[in-house]
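First comes the structure, then the notes that go with it.
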Amino acid sequence: MRRKRLQTARWGAVSDRGHSAAFSRFLRDSEKTSRKSVTPREPRALGCTLSPPRMRRALLISWVACLVTTHQARLIGRCDLAKLLHQEDMDGFEGYSLSDWLCLAFVESNFNISKVNENADGSFDYGIFQINSHYWCTDHQSHSENICHLECQELLRPNLLSTIHCAKRIVSGRGGMKNWVAWRMHCSGRPLSYWMTGCHLG
């Protein structure tokens, strides 16, 4: 998420009906993941074996494939995220509901705690809310205002405490959740109560 960048979210602008349909598909396809909570997926066996010495290019590709499988997405269940946000007093914080936060997490990262995205300007977006390194955290790769006073890698921690702390700082400032372009495009002004479907906070 960049405060000033203009972008189109990966699945484009959709109508309210399309937005609800996307959520319905998400519920069908992702509830199995939600039961796994934040446990990383087991890497699939992709034949990470050594190639003959003469096939150096094939060996390099095989090594990269083995490396990638050890860094798969770390997903958190929708209702697990709702409970955690509720415990951290995010419901109603600066006027935003848990449904706003769940919608934001979905459109930014699809509930992927470990997501890192590189932007055209060389900055990176980190974590479940895709918080940008140019403004909010530092990754020591480029100049950062580091408004949240934290290392960007902290935004990838499974407990999400650093992420929540920084998100509170963002919405407390000018623009609130409008700092996230994807939230403006896909969540703002829409009925969002269905994001809490089936979630029990007690």
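A quick note: this is a predicted structure, and the numbers were derived from the prediction, not measured.
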Subject >> Whether Lys178 side chain and Ser188 backbone form a donor-acceptor pair below 3.5 Å >> reply: no
Original post:
Who pairs with Val116 by side chain to side chain contact (heavy atoms under 4.5 Å, CB included), at least two apart in sequence or on another chain?
Top reply: Phe124, Tyr126, Leu156
Original post:
Donor-acceptor pair, Asn119 side chain versus Gly122 backbone, under 3.5 Å?
Top reply: no
Subject >> Nearest heavy-atom neighbours spanning Arg190 and His186 >> reply: CD-O, 3.0 Å
Original post:
Quick one: are Cys187 and Val107 in side-chain contact, heavy atoms under 4.5 Å?
Top reply: yes
Original post:
Side-chain contact, heavy-atom cut-off 4.5 Å: Trp136 with Asn146?
Top reply: no
Original post:
Can Ser97 and Leu192 be said to form a side-chain contact (heavy atoms from CB on, under 4.5 Å), step by step?
Top reply: CA-CA 9 Å; Ser97 68; Leu192 300 176; 5.6 Å; no
**OP:** Report the distance from atom CG of Asn179 to atom CZ of Arg174, rounding to the nearest 0.5 Å.
**Re:** 10.0 Å
Original post:
Say you draw a straight line from CG of Leu85 to CG of Leu160; how long is it, rounded to the nearest 0.5 Å?
Top reply: 7.5 Å
**OP:** Report yes if the side chains of Ile128 and Thr163 come closer than 4.5 Å at any heavy-atom pair, otherwise no.
**Re:** yes
Original post:
Under 6.0 Å between ring centres, would you say that holds for Phe93 and Trp101?
Top reply: no
Original post:
Quick one: are His149 and Arg169 in side-chain contact, heavy atoms under 4.5 Å?
Top reply: yes
**OP:** Would you check if Met196 and Ser99 make a side-chain contact, meaning some heavy-atom pair closer than 4.5 Å?
**Re:** yes
Original post:
At what distance, to the nearest 0.5 angstrom, does CG of Leu75 lie from CG of Leu81?
Top reply: 11.5 Å
Original post:
So if you build clusters from Ile, Leu, Val, Met, Phe, Trp, Tyr with side-chain heavy-atom gaps below 4.5 Å, do Leu201 and Phe111 land together?
Top reply: yes
Subject >> Side chain Asn110, main chain Asn112, donor-acceptor under 3.5 Å >> reply: no
**OP:** Carefully, step by step, assess Ile170 and Trp180 under the rule side-chain contact (heavy atoms from CB on, under 4.5 Å).
**Re:** CA-CA 10 Å; Ile170 294 170; Trp180 284 277; 3.7 Å; yes
Original post:
Can a donor-acceptor pair be found between the side chains of Ser123 and Asp121 at a distance below 3.5 Å?
Top reply: yes
**OP:** Can you tell me which residue pairs pass the disulfide (SG to SG under 2.5 Å) test with a partner in residues 111-144, sequence neighbours excluded?
**Re:** Cys137-Cys152
Original post:
Taking the six-membered ring for Trp, are Tyr96 and Trp183 ring centroids under 6.0 Å apart?
Top reply: yes
**OP:** For residues Met90 and Lys168, determine if any side-chain heavy atom of one lies less than 4.5 Å from a side-chain heavy atom of the other.
**Re:** yes
Subject >> Close side-chain approach of Phe106 to Leu102, heavy-atom, < 4.5 Å >> reply: no
Subject >> Min side-chain heavy-atom separation Lys83-Cys199 under 4.5 Å >> reply: no
Original post:
Are Ile147 and Val171 joined in one hydrophobic group, where the rule is that I, L, V, M, F, W and Y side chains link up if heavy atoms are under 4.5 Å apart?
Top reply: yes
Original post:
Hey, is the main chain of Trp195 close enough, under 3.5 Å, to the side chain of Arg78 for a donor-acceptor pair?
Top reply: yes
**OP:** For Asp125 and Asn132, work out which heavy atoms get closest and say how close.
**Re:** OD1-ND2, 2.9 Å
Subject >> Value rounded to 0.5 Å, distance of CD in Gln130 from CG in Leu104 >> reply: 9.5 Å
**OP:** Output the distance between atom CZ (Phe129) and atom SG (Cys166), rounded to the nearest 0.5 Å.
**Re:** 10.5 Å
Subject >> Point-to-point distance, once rounded to the nearest 0.5 Å, from NE2 of His86 to SG of Cys79 >> reply: 13.0 Å
**OP:** Output all residues satisfying side chain to side chain contact (heavy atoms under 4.5 Å, CB included) with His140, sequence neighbours left out; order by chain, then residue number.
**Re:** Thr138, Glu151
